[in-house]
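Beneath this line is the structure, given in structure tokens, with notes to follow.
One-based numbering along the sequence shown.
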Amino acid sequence: QVQLVESGGGLAQAGGSLRLSCAASGRTFSRVTMGWFRQAPGKEREFVAAITWSDARRYYAESVKGRFTISRDNAKNTVYLQMNGLKPEDSAVYYCAARAGSYISTITTDYDYWGQGTQVTVSS
């Protein structure tokens, strides 16, 4: 099993910044892809960004490209999502997810492990 714990959510003003963290523990894989997803009330969970653990390849949803940056710290087993230029439409519960393998998927069902989520609220 892999345990994922998110932190760093909160309230921000439009144009502001927040940094989310996802600490991973438990079973390790030689190749892992970590992803961030978000879910707003009444909407489906959607892909935000992903990174491969081994070589740090990154992929972003078009809606966040140029504003959000995903990164990882191998020593701390932690993945980050730096969110700049926040917009009210970025408000959602943000989830960290992990899947074995180095294929970057944007599909929720491809990810086997999920955190509990952290709320991000952006005021206008």
Side-chain angles (χ1 to χ4, degrees):
Q1 287 290 342
V2 175
Q3 290 78 43
L4 304 173
V5 179
E6 303 100 332
S7 61
L11 178 65
Q13 291 188 334
S17 299
L18 285 173
R19 188 178 81 156
L20 306 183
S21 300
C22 172
S25 62
R27 182 181 178 183
T28 59
F29 299 91
S30 59
R31 298 179 185 273
V32 175
T33 297
M34 302 293 295
W36 285 98
F37 290 76
R38 66 187 181 187
Q39 188 167 19
K43 295 187 177 182
E44 293 188 355
R45 193 169 298 187
E46 64 175 6
F47 171 81
V48 175
I51 187 168
T52 56
W53 200 265
S54 57
D55 58 2
R57 285 180 290 115
R58 299 170 173 85
Y59 188 76
Y60 298 93
E62 285 297 323
S63 59
V64 306
K65 197 174 291 184
R67 299 188 297 124
F68 291 10
T69 301
I70 189 171
S71 62
R72 91 282 193 246
D73 185 327
N74 288 3
K76 296 182 178 180
N77 282 340
T78 299
V79 175
Y80 303 98
L81 185 68
Q82 178 67 43
M83 305 186 294
N84 299 329
L86 284 165
K87 304 175 181 180
E89 52 263 43
D90 293 320
S91 297
V93 177
Y94 282 71
Y95 296 91
C96 176
R99 66 180 303 275
S102 55
Y103 171 74
I104 293 182
S105 174
T106 64
I107 302 172
T108 57
T109 53
D110 283 344
Y111 288 79
D112 302 305
Y113 305 98
W114 292 84
Q116 81 287 353
T118 185
Q119 177 71 49
V120 170
T121 303
V122 183
S123 62
S124 58

Main-chain N/O of Arg31 paired with Ser102 side-chain donor or acceptor, under 3.5 Å
no
Side chain Arg19, main chain Tyr80, donor-acceptor under 3.5 Å:
no
Using a 3.5 Å distance criterion without hydrogens, assess whether the side chain of Ser105 forms a donor-acceptor pair with backbone atoms of Ile107.
yes
So, the side chain of Arg99 versus the backbone of Asp110: is there a donor-acceptor pair under 3.5 Å, distance only?
yes
Rounded distance (nearest 0.5 Å) linking atom OG1 of Thr108 with atom CD of Glu44:
8.0 Å
Lys43 atom NZ, over 12 foreign heavy atoms within 6.0 Å:
no
Given the rule that I, L, V, M, F, W and Y join up when any side-chain heavy atoms are under 4.5 Å apart, are Val48 and Trp114 in one cluster?
no
Of Asn74, Thr33, Asn77, the one forming a side-chain hydrogen bond (donor to acceptor under 3.5 Å, both in side chains) with Trp53 is Asn74
Linking I/L/V/M/F/W/Y whenever their side-chain heavy atoms sit closer than 4.5 Å, directly or via other members, would Ile51 and Leu20 fall into one cluster?
yes
Tyr113 atom OH, neighbour heavy-atom count above 12 within 6.0 Å:
yes
Please determine whether residues Leu4 and Val32 belong to a single hydrophobic cluster, defined as Ile, Leu, Val, Met, Phe, Trp and Tyr linked transitively by side-chain heavy-atom distances below 4.5 Å.
yes
Flag side-chain contact, heavy atom, 4.5 Å: Thr69 against Tyr60:
yes
Identify whether Met83 and Trp36 are in the same connected component of the hydrophobic contact network (ILVMFWY, side-chain heavy atoms under 4.5 Å).
yes
Give a yes or no on whether Val122 and Val64 share a hydrophobic cluster (residues Ile, Leu, Val, Met, Phe, Trp, Tyr; joining criterion: side-chain heavy atoms under 4.5 Å apart).
yes
If you round to the nearest 0.5 Å, how far is CD of Glu6 from SG of Cys22?
5.5 Å
Got more than 12 heavy atoms from elsewhere within 6.0 Å of CD, Glu89?
yes
Distance check, rounded to the nearest 0.5 Å: Gln119 atom CD versus Gln39 atom CD?
11.0 Å
Aromatic plane relationship, Phe68 with Tyr94 - under 30° parallel, 30 to 60° tilted, over 60° perpendicular
tilted
